[in-house]
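Below is one structure, written out as structure tokens; comments come after it.
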Amino acid sequence: MAHAHSHDHSGHDHGARHVQGSTDKKRVLIAACLTAGFMVAEAFGGLFTGSLALLADAGHMLADAIALGLAWYAFHLVDRPGTGRLTYGFGRVKTLVAYTNGIAIFVIALWIVYEAWERLQRPPPVLGGPMLVVAVLGLLVNIGSFLALHGGDRESLNMRGAILHVLGDLLGSAAAIVAAVVILATGWTPIDPILSVLVALLILSTAWSLMRAAAHVLLEGVPESLDRDLIARDLEKTIQGVREVHHMHIWSLDGASNMATLHACLDEGVDAHQAVSAIKKRLASEHAISHATVEPEFGQCADDGDGHEYEPDAAAHHGHHH
């Protein structure tokens, strides 16, 4: 028996994830509608008052409305089954959207920094009173969006990206309020671009961490919570009849569902089906890997061109864990 492919899914986990995804989809849609609705008012407010803080926040809210719309569409696509061409379905669209969101935030933050520099050279007049009113209304809308998203799945990169966008808006509105109060109290208008830059820098740091996490998933890196080599050693120690595990790959489809493929060298006379089943159960119960493909082998690895016999110690030293 050269190959034994089977898939171990937990129906309960899948059902729970489906319900969570449906709830997250509604949360994102509410936040998208709130953000898009107020973005227009804030843009007009920024033009009327001459405030960069309001314009920057409106620009950020425009990108956020688009990003939240994309995040909603990503959740919508996830419900679609796999096809002959996209066999894993559309689960990774959420990660792609999260990565794109990170890039969008970077571009907006850099624009804010550039515009702030220009305004520091030639400070324009700013109407503090109307600016304060618009900023307070913006803060209330952003708090509403944040509360709508706050109960969502924190493990989902798509949800994290959506929350990050709204958090950036919240900070932008808070900065605009502070700037308006300072302008009303002292007339010192440079506070407007200075606070805009501070918000931009805060957004940049969080956007970078989101992009790194999404890129790791897209590059099919081993999830942060797992150690491939330790898992391979664990299988060798705990599964009876498994002499060595190699050619092991672990990755995540969407930042939540973990998958693995591996070769298991078995002792002669071991029941391959039982060994494969035991490996899959161990991976699911102890290592949160819900989908595994295991290739059982006897004597030699099918991928080794010279067909040499196994020497467990030598295999480990020669980098068999690709």
Going by heavy atoms in the side chains, are [X] and [Y] under 4.5 Å from each other?
X: Phe106; Y: Met211; result: yes
X: Glu244; Y: His263; result: no
X: Asp234; Y: Arg282; result: yes
X: Val242; Y: Val270; result: no
X: Ile250; Y: Ile289; result: yes
X: Trp251; Y: Thr261; result: yes
X: Trp188; Y: Ile183; result: no
X: Ser252; Y: Met259; result: no

Should [X] and [Y] be counted in the same cluster of Ile, Leu, Val, Met, Phe, Trp and Tyr side chains packed under 4.5 Å apart?
X: Val136; Y: Leu147; result: yes
X: Val113; Y: Leu171; result: no
X: Val40; Y: Phe38; result: yes
X: Leu137; Y: Val181; result: yes
X: Ile103; Y: Leu204; result: yes

Write down the atom of [X], the atom of [Y], and the distance for their closest heavy-atom approach.
X: Val245; Y: Leu235; value: CG2-CB, 4.0 Å
X: Ala148; Y: Ile30; value: CB-CG2, 4.0 Å
X: Ala179; Y: Ile191; value: O-CG2, 3.8 Å
X: Gly50; Y: Asp192; value: O-OD2, 4.5 Å
X: Ile177; Y: Ala135; value: CG1-CB, 3.5 Å
X: Gly138; Y: Ser173; value: C-OG, 3.5 Å

Using a 3.5 Å distance criterion without hydrogens, assess whether the side chain of Ser257 forms a donor-acceptor pair with backbone atoms of Leu253.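 The answer is no, because no donor-acceptor pair under 3.5 Å joins these two groups.
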
Working to the nearest 0.5 Å, report the span between [atom1] of [X] and [atom2] of [Y].
X: Glu297; Y: Leu262; atom1: CD; atom2: CG; result: 9.5 Å
X: Leu127; Y: Met131; atom1: CG; atom2: CE; result: 10.0 Å
X: Lys281; Y: Ile239; atom1: NZ; atom2: CD1; result: 10.0 Å
X: Trp72; Y: Leu29; atom1: CH2; atom2: CG; result: 6.5 Å
X: His287; Y: Asp227; atom1: NE2; atom2: CG; result: 10.0 Å
X: Leu34; Y: Leu68; atom1: CG; atom2: CG; result: 10.0 Å

Between Arg92 and Glu220, is there a salt bridge with N-O shorter than 4.0 Å?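 Yes, this pair counts.
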
Please walk me through it: do Leu132 and Leu184 pass side-chain contact (heavy atoms from CB on, under 4.5 Å)? CA-CA 9 Å; Leu132 181 60; Leu184 283 171; 4.0 Å; yes

Check whether the side chains of His291 and Asn258 place a donor and an acceptor atom closer than 3.5 Å, and report yes or no.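 Their side chains do not contain a donor-acceptor pair, so the 3.5 Å distance test is not met.
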
Other residues, nucleotides and ligands only: do more than 12 of their heavy atoms fall within 6.0 Å of CH2 on Trp117?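 No.
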
Counting only heavy atoms not in Gln121 (residues, nucleotides, ligands), do more than 12 fall under 6.0 Å from its CD?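 Atom CD in Gln121 is packed in, count exceeds 12.
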
Could you walk me through whether Arg228 and His249 pass side-chain contact (heavy atoms from CB on, under 4.5 Å), step by step? CA-CA 7 Å; Arg228 181 198 62 175; His249 300 273; 5.6 Å; no

According to salt bridge (charged side-chain N to carboxylate O under 4.0 Å, His left out), who are the partners of Glu286, at least two apart in sequence or on a separate chain?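 With sequence neighbours excluded, Glu286 shows a salt bridge (charged side-chain N to carboxylate O under 4.0 Å, His left out) to no residue whatsoever.
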
Could you go through Leu120 and Val197, starting from their C-alpha distance and side-chain angles, then the distance that decides it, and tell me whether this counts as side-chain contact (heavy atoms from CB on, under 4.5 Å)? CA-CA 11 Å; Leu120 282 171; Val197 170; 5.9 Å; no

Go through Val134 and Thr49 one step at a time and tell me if the side-chain contact (heavy atoms from CB on, under 4.5 Å) criterion holds. CA-CA 10 Å; Val134 176; Thr49 61; 5.5 Å; no

